[in-house]
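Notes to accompany the following structure.
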Amino acid sequence: MKAFMPQLVYIEPQALDYPLGRELKEKFEAFGVEIRQTTSHNQIRDLPGDHELQKYRVAKSTMVVGVRRTLKFDTSKPSAEYAIPLATGCMGHCHYCYLQTTLGNKPYIRTYVNLDEIFAQAEKYIEERKPEITRFEAACTSDIVGIDHLTHSLKKTIEFMGRTEYGRLRFVTKFHHVDHLLDARHNGHTRFRFSVNSRYVIKHFEPGTSSFDQRLEAARKVADAGYPVGFVVAPIYMHEGWREGYLELFERLSASLKDLHLPSLSFEMIQHRFTKPAKKVIEKRYPKTKLDLDETKRKYKWGKYGIGKYVYPTDDAKELEETLSSYIKQFFPQADILYFT
């Protein structure tokens, strides 16, 4: 698939006070992208489209160049201590994505240009925790790799973390556009993770993302560039033939990586879950989805801030964890399984 290029760009006036803001304005002008001004992303109400679904698809190809005003980082357990805010939103159309509700009616992509201020805040968190390592997750609210060929914010963050003694960066992606990151001076401080899944899940629920083979090719590239590599199997979904589907996933993964040196390979496993608000949004935006959102087949689990989610019943979740863990141990006995949730 082609690298992302927005069809419409909004620029907040304050963004032009920063070098990256001015650079992106010039870049999009050269590309011939339509540029509009907005005092704030919250004021964007005039996206093209005759109905809500059309406006949603336009929003997915819209980028807002702005300033990150809130510099207090959210926590990001179990992945990391903190989420480092580089961007919000994603151009992918994964039916199950939690950003469906997190971003509500503002699903456009926002990129933040005040990187030095963001890095200064990260340094404060690192200083508070040292000599413990402080991990930062860069993909909590976006697929940052999917836009970084335009912004290079992630590359700058990789090199910033490479210069720290106690800071580490990690992110996950479904995109293969990694070539500009291969020469980044990461110093082994960034873990590059790829989202992987069965053929069924990728085919039916992950439109607008790179293919599995493209992700594997990208994984080989970043491993050759010396990055610590990991894979996030998410969301683990009990479709018909799921055992065979996930077995094939690990067979293909093993065949692709067999000749690579992967000294600190990691796996993270996340079962499919959804909330009531997410279900409403998903069914509205993807009315023909095959995603099973039947609450009667799930267990209700209370979450943060009083918002509960529907996960698989205890026995099903245990079977998922044991089955996939056995596959990982079979094909990647040296790998670390960081968690199942």
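Every value quoted in this text rests on a predicted model; they were computed, and no experiment measured them.
- Here the closest non-hydrogen pair linking Ser76 and Cys140 is OG-SG, 3.1 Å.
- The backbone N or O of Pro235 sits less than 3.5 Å from a side-chain atom of Asn197, completing a donor-acceptor pair.
- Trp302 and Tyr300 have perpendicular rings, their planes meeting at more than 60° on a 0 to 90° scale where under 30° would count as parallel.
- Between Leu150 and Met5, the closest side-chain pair of non-hydrogen atoms falls below 4.5 Å.
- Salt bridge Glu295/Lys279: present, at least one basic N to carboxylate O contact under 4.0 Å.
- Transitive grouping of hydrophobic side chains (ILVMFWY, heavy atoms separated by less than 4.5 Å) keeps Leu262 and Leu338 in distinct clusters.
- Here Lys25 pairs with Glu29 in a salt bridge; the nearest charged N to carboxylate O distance falls below 4.0 Å.
- Hydrophobic clustering, with ILVMFWY side chains joined whenever heavy atoms are under 4.5 angstrom apart, groups Leu265 together with Val196.
- Interatomic distance, Arg36 CZ to Ile11 CD1, rounded to the nearest 0.5 Å: 12.5 Å.
- At least one donor-acceptor pair under 3.5 Å links the side chain of His189 to the backbone N or O of Met161.
- A 4.5 Å side-chain heavy-atom check between Tyr125 and Lys72 finds at least one atom pair inside the cut-off.
- Minimum heavy-atom separation, Thr134 to Ile126: OG1-CA, 3.9 Å.
- In the displayed structure, Gln7 atom CD is contacted under 6.0 Å by at most 12 heavy atoms of other residues, nucleotides or ligands.
- Of the possible donor and acceptor atoms, one in the side chain of Thr157 sits under 3.5 Å from a partner among the backbone N and O of Ser153.
- Counting only N and O atoms by type, the side chains of Asp294 and Thr296 include a donor and acceptor under 3.5 Å apart.
- A distance of 13.0 Å separates CG in Leu293 from NZ in Lys280, rounded to the nearest 0.5 Å.
- A heavy-atom distance below 4.5 Å is not found between the side chains of Lys27 and Val9.
- Tyr200 and Tyr286 are assigned to two separate hydrophobic clusters, defined by single-linkage of ILVMFWY side chains at heavy-atom distances under 4.5 Å.
- Of the charged side-chain nitrogens involved, none lies within less than 4.0 Å of a carboxylate oxygen, so that Arg110 and Glu12 do not count as a salt-bridged pair.
- When all heavy atoms of Pro107 and Lys60 are compared, the closest pair comes out as O-CD, 4.1 Å.
- Taking all atoms of both residues into account, the shortest heavy-atom contact from Tyr108 to Val64 is CD1-CG2, 3.7 Å.
- The structure places OH of Tyr312 at 10.5 Å from CZ of Arg273, a figure rounded to the nearest 0.5 Å.
- Separation of atoms CD1 (Ile328) and OG (Ser254) is listed at 12.0 Å; rounding is to 0.5 Å.
- Salt bridge absent: Asp316 and Arg298 never bring a charged side-chain N and a carboxylate O closer than 4.0 Å.
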Show the numbers, then the answer: is there a side-chain contact (heavy atoms from CB on, under 4.5 Å) between His272 and Met238? CA-CA 9 Å; His272 177 245; Met238 297 187 87; over 6 Å; no
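- Between Tyr56 and Lys284 there is no side-chain heavy-atom pair separated by less than 4.5 Å.
- Here the rule is ring pair (Phe, Tyr, Trp, His ring centres under 6.0 Å) with Phe171, and of Phe194, Phe192, Phe136 only Phe192 fits it.
- Counting non-hydrogen atoms of neighbouring residues, nucleotides and ligands closer than 6.0 angstrom, the CG atom of Asp213 exceeds 12 such neighbours.
- The side-chain tip of Arg68 points at the ring of Tyr112 from less than 6.0 angstrom away and within 45° of straight on.
- Put simply, the side chain of Glu268 does not reach to within 4.5 Å of the side chain of Pro78, judged on heavy atoms.
- Salt bridge absent: Lys299 and Asp315 never bring a charged side-chain N and a carboxylate O closer than 4.0 Å.
- Side-chain atoms of Tyr96 and Glu206 form a donor-acceptor pair, as typed in the model, at a separation below 3.5 Å.
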Test Phe231 against Phe332 for side-chain contact (heavy atoms from CB on, under 4.5 Å), laying out the working first. CA-CA 12 Å; Phe231 294 95; Phe332 301 98; 6.0 Å; no
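- Contact detail for Cys90 and Asp143: the closest heavy-atom pair is SG-CB, 3.8 Å.
- Aromatic pair Tyr246/Tyr327: centroids not less than 6.0 angstrom apart.
- The side chain to side chain donor-acceptor pair (under 3.5 Å) contacts involving residues 219-245 comprise Asp179-Lys221, Ser198-His239, Arg220-Asp259, Arg243-Glu319, where partners must be two or more places apart or lie in separate chains.
- Between Phe4 and His177, every side-chain heavy-atom pair lies at or beyond the 4.5 Å cut-off.
- A distance of 11.0 Å separates OG1 of Thr164 from NZ of Lys130, quoted to the nearest 0.5 Å.
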Test Arg215 against Thr209 for side-chain hydrogen bond (donor to acceptor under 3.5 Å, both in side chains), laying out the working first. CA-CA 10 Å; Arg215 298 178 209 179; Thr209 65; 3.1 Å; yes
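- Residue Arg185 qualifies as open at atom CZ: its count of foreign heavy atoms under 6.0 Å is 12 or below.
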Test side-chain contact (heavy atoms from CB on, under 4.5 Å) applied to Phe160 and Glu123, step by step: CA-CA 10 Å; Phe160 161 73; Glu123 285 183 324; 3.5 Å; yes
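- Expressed to the nearest 0.5 Å, how far CD of Glu26 lies from CD of Glu23 amounts to 8.0 Å.
- Leu253 has its side chain out of reach of Phe331: every pair of non-hydrogen atoms, C-beta onward, lies at least 4.5 Å apart.
- Cluster annotation: Ile236 and Tyr310 are assigned to the same hydrophobic cluster (Ile/Leu/Val/Met/Phe/Trp/Tyr, side-chain heavy-atom contacts under 4.5 Å, transitive).
- Side chain of His186 to backbone of Ala225: a donor-acceptor contact under 3.5 angstrom is found.
- In this structure, a donor-acceptor pair under 3.5 Å is absent between the side chains of Gln121 and Tyr82.
- Of all the heavy atoms in Ser79 and Arg170, the pair that sits closest is OG-NH1, 2.7 Å.
- A distance-only check finds no donor-acceptor pair linking the side chain of Thr75 to the backbone of Lys77 [under 3.5 Å].
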Go through it in stages, so that I can follow the logic: the residues are Phe205 and Lys290, the test is side-chain contact (heavy atoms from CB on, under 4.5 Å), and I'd like the CA-CA distance, side-chain angles, deciding distance and then a yes or no. CA-CA 8 Å; Phe205 307 137; Lys290 295 178 180 291; 3.9 Å; yes
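- Under the 4.5 Å side-chain heavy-atom criterion for ILVMFWY residues, no single connected hydrophobic cluster contains both Leu53 and Leu8.
- Side-chain contact check for Ser142 versus Leu86: every heavy-atom pair is 4.5 Å or farther apart.
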